Amino acid sequence: MHKIVDLASEESLLAHNRELAEKINKQLKERGIRSVDVMGAIGSGKTTILEKLSERLKDRYRIGALAGDLTTTIDADRIGAHGVKTFQINTGKECHLDAHFISHAVDKVSEDIDLLFIENVGNLICPADFPLGADKRMVVISVTEGPYMVKKHPYIFREADVAVINKKDLAEPMQVSVKQLKEDVKTISPGTRVVIMCARTGEGIEELILALEL
Ligand code: MG
Ligand code: ZN
């Protein structure tokens, strides 16, 4: 009995989140704002990628960013250093962002921007269940996380429009096959575009911009 009640309430929680996400997407579109939800584990390179994207795109768009993190403002500070209007969402103990956090935070940055990045909390599990209302969902993994990151997280790759395989320069010392990781993505989610990058040097950033249709 207890379990049935829990499942029902979880389902309604997810349905509520999806509804709110659709509303957020509509609001952003009405304001002429494109949006990207960036997911991936801590240390995969999400913030570095957003720094590089911001540098490349700052003449084309007025950019804003929401950064989700348990307690720190490290990511918002780093992205903000590139002239991006940022707002940190501290989730406390919550291990993912949800549409409710976004609905409250979006007004803090949405004035005078045309592009919104949302950096999710570093985790590859629950963000899959909680769309935030972004036009595109992107997931980042790095070769330093080992060879099974895709196989072990099928749900998030199915959700993602774009998958980045980052830190390609470290593939050889790590003895991880970039080609295999790409094949794993294509097996799990044929429609997901794969971009191979070295965010630190900026390699692959143009391809990522194309994949995100920015
Ligand atoms: Mg980060
Ligand atoms: Zn979570």
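As the structure is a prediction and not an experimental result, all values here were calculated from the model.
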Requested in this report: Nearest 0.5 Å please: distance from the CD1 atom of I102 over to the CG atom of L66.
Outcome: 5.0 Å

Query - Smallest separation among heavy atoms of V139 and A160, with atom names - result: CG1-CB, 3.6 Å

Query raised in the report: From N120 CG over to I156 CD1, what is the distance, rounded to the nearest 0.5 angstrom?
Result: 7.5 Å

Query raised in the report: When you measure from the side chain of R60 to the backbone N and O of L214, does any donor-acceptor pair fall under 3.5 Å?
Result: yes

Report summary line: Note: H96 and C126 closest approach over all heavy atoms is ND1-SG, 3.3 Å

Query raised in the report: Going by distance alone, is a donor N or O of one side chain under 3.5 Å from an acceptor N or O of the other, for E145 and S44?
Result: no

Requested in this report: Return the set of residues passing ring-ring contact (aromatic ring centres under 6.0 Å, His included) with H100 (not counting sequence neighbours), or none when no residue passes.
Outcome: H104

Report summary line: CG (L124) and CD1 (I42) are apart, to the nearest 0.5 Å, by 10.5 Å

Query - Carboxylate-amine/guanidinium contact K151 D184, below 4.0 Å - result: yes

Query raised in the report: Does any non-hydrogen side-chain atom of K85 lie less than 4.5 Å from one of E111?
Result: yes

Query - Shared hydrophobic cluster, I196 / V140 (ILVMFWY, side-chain heavy atoms < 4.5 Å) - result: no

Report task. Check L70 against C95 and note the closest heavy-atom contact, atom names and distance. Result -> CD2-CA, 4.4 Å

Query - Nearest heavy-atom neighbours spanning V121 and D69 - result: CG2-N, 4.1 Å

Query - Sequence-distant partners of H153, ring-ring contact (aromatic ring centres under 6.0 Å, His included), two or more places apart - result: none

Query raised in the report: How far does NZ of K23 sit from OG of S103, to the nearest 0.5 angstrom?
Result: 7.5 Å

Query raised in the report: Should M39 and I79 be regarded as members of a common hydrophobic cluster, given that ILVMFWY residues are connected when their side-chain heavy atoms come within less than 4.5 Å of each other, either directly or indirectly?
Result: no

Report summary line: Sorted by chain and residue number, the side chain to side chain contact (heavy atoms under 4.5 Å, CB included) partners of E213 (sequence neighbours excluded) come out as K136

**Report entry** salt bridge (Lys or Arg N to Asp or Glu O under 4.0 Å) partners of D107, counting only residues at least two apart
**Finding:** R31

**Report entry** Residue pair R34 / D114, side-chain heavy-atom distance below 4.5 Å
**Finding:** no

**Report entry** Flag side-chain contact, heavy atom, 4.5 Å: E207 against M197
**Finding:** no

Give every donor-acceptor pair under 3.5 Å between a side-chain atom in residues 167-175 and any protein atom, sequence neighbours left out.
unit_1: K167; atom_1: NZ; unit_2: G43; atom_2: O; d: 2.6
unit_1: K168; atom_1: NZ; unit_2: E203; atom_2: OE2; d: 2.9
unit_1: D169; atom_1: OD2; unit_2: R200; atom_2: NH2; d: 3.0

Query raised in the report: Of all residues at least two apart in sequence or in a different chain, which pass the salt bridge (Lys or Arg N to Asp or Glu O under 4.0 Å) check with E55?
Result: K58

Query raised in the report: Going by distance alone, is a donor N or O of one side chain under 3.5 Å from an acceptor N or O of the other, for R78 and T48?
Result: yes

Query - Derivation and outcome, side-chain contact (heavy atoms from CB on, under 4.5 Å), residues L132 and I24 - result: CA-CA 8 Å; L132 305 178; I24 292 166; over 6 Å; no

Query raised in the report: What residue pairs, at least two apart or across chains, pass ring pair (Phe, Tyr, Trp, His ring centres under 6.0 Å) with a residue in residues 55-95?
Result: none

Query raised in the report: How long is the gap from NE2 on H16 to CD on E11, to the nearest 0.5 Å?
Result: 15.5 Å

Query raised in the report: Under a 4.5 Å side-chain heavy-atom rule over Ile, Leu, Val, Met, Phe, Trp and Tyr, are L97 and L116 clustered together?
Result: yes

Requested in this report: Give a yes or no on whether the backbone of D75 and the side-chain of T47 come within a donor-acceptor separation of less than 3.5 Å.
Outcome: no

Query - side chain to side chain contact (heavy atoms under 4.5 Å, CB included) partners for N17, two or more places apart - result: D98, A99, F130, P131

Query raised in the report: Got a second to check how far E30's CD is from N25's CG, nearest 0.5 Å?
Result: 10.0 Å

Query - F117: partners by ring-ring contact (aromatic ring centres under 6.0 Å, His included), with sequence neighbours left out - result: none

Report task. Indicate, with yes or no, if I33 and I118 share a hydrophobic cluster defined by side-chain heavy-atom contacts under 4.5 Å among Ile, Leu, Val, Met, Phe, Trp and Tyr. Result -> yes

Query raised in the report: Under the side-chain contact (heavy atoms from CB on, under 4.5 Å) criterion, do E159 and D129 qualify, and how do the steps go?
Result: CA-CA 9 Å; E159 273 291 308; D129 285 331; over 6 Å; no

Query raised in the report: Does a salt bridge link D161 with R137, judged by any charged N lying under 4.0 Å from a carboxylate O?
Result: no

Query raised in the report: Would you say the side-chain atoms of T192 pair up with the backbone N or O of A163, donor to acceptor, closer than 3.5 Å?
Result: no

Requested in this report: Give the C-alpha distance, both sets of side-chain angles, the deciding distance and a yes or no for side-chain contact (heavy atoms from CB on, under 4.5 Å) between V109 and T86.
Outcome: CA-CA 7 Å; V109 295; T86 58; 5.7 Å; no

Requested in this report: Kindly work out whether a path of hydrophobic side-chain contacts (I/L/V/M/F/W/Y, heavy atoms less than 4.5 Å apart) joins I141 to M138.
Outcome: no

Query raised in the report: Is E22 salt-bridged to R18, going by a charged N under 4.0 Å from an acidic O?
Result: no

Requested in this report: Could you pull out all residues at least two apart from K93 that satisfy salt bridge (Lys or Arg N to Asp or Glu O under 4.0 Å)?
Outcome: none

Query raised in the report: Can you name the residues that form a side chain to side chain contact (heavy atoms under 4.5 Å, CB included) with T73, not counting sequence neighbours?
Result: D77, Q88, N90

Requested in this report: Could you tell me which non-hydrogen atom of G146 sits nearest to which non-hydrogen atom of L181, and how far apart they are?
Outcome: O-CD2, 4.4 Å

Report summary line: When every non-hydrogen atom of I49 is compared with those of V164, the smallest separation belongs to CD1-CG1, 3.9 Å

**Report entry** Contacts of type side chain to side chain contact (heavy atoms under 4.5 Å, CB included), residue R158, not counting sequence neighbours
**Finding:** P154, Y155, I188, S189

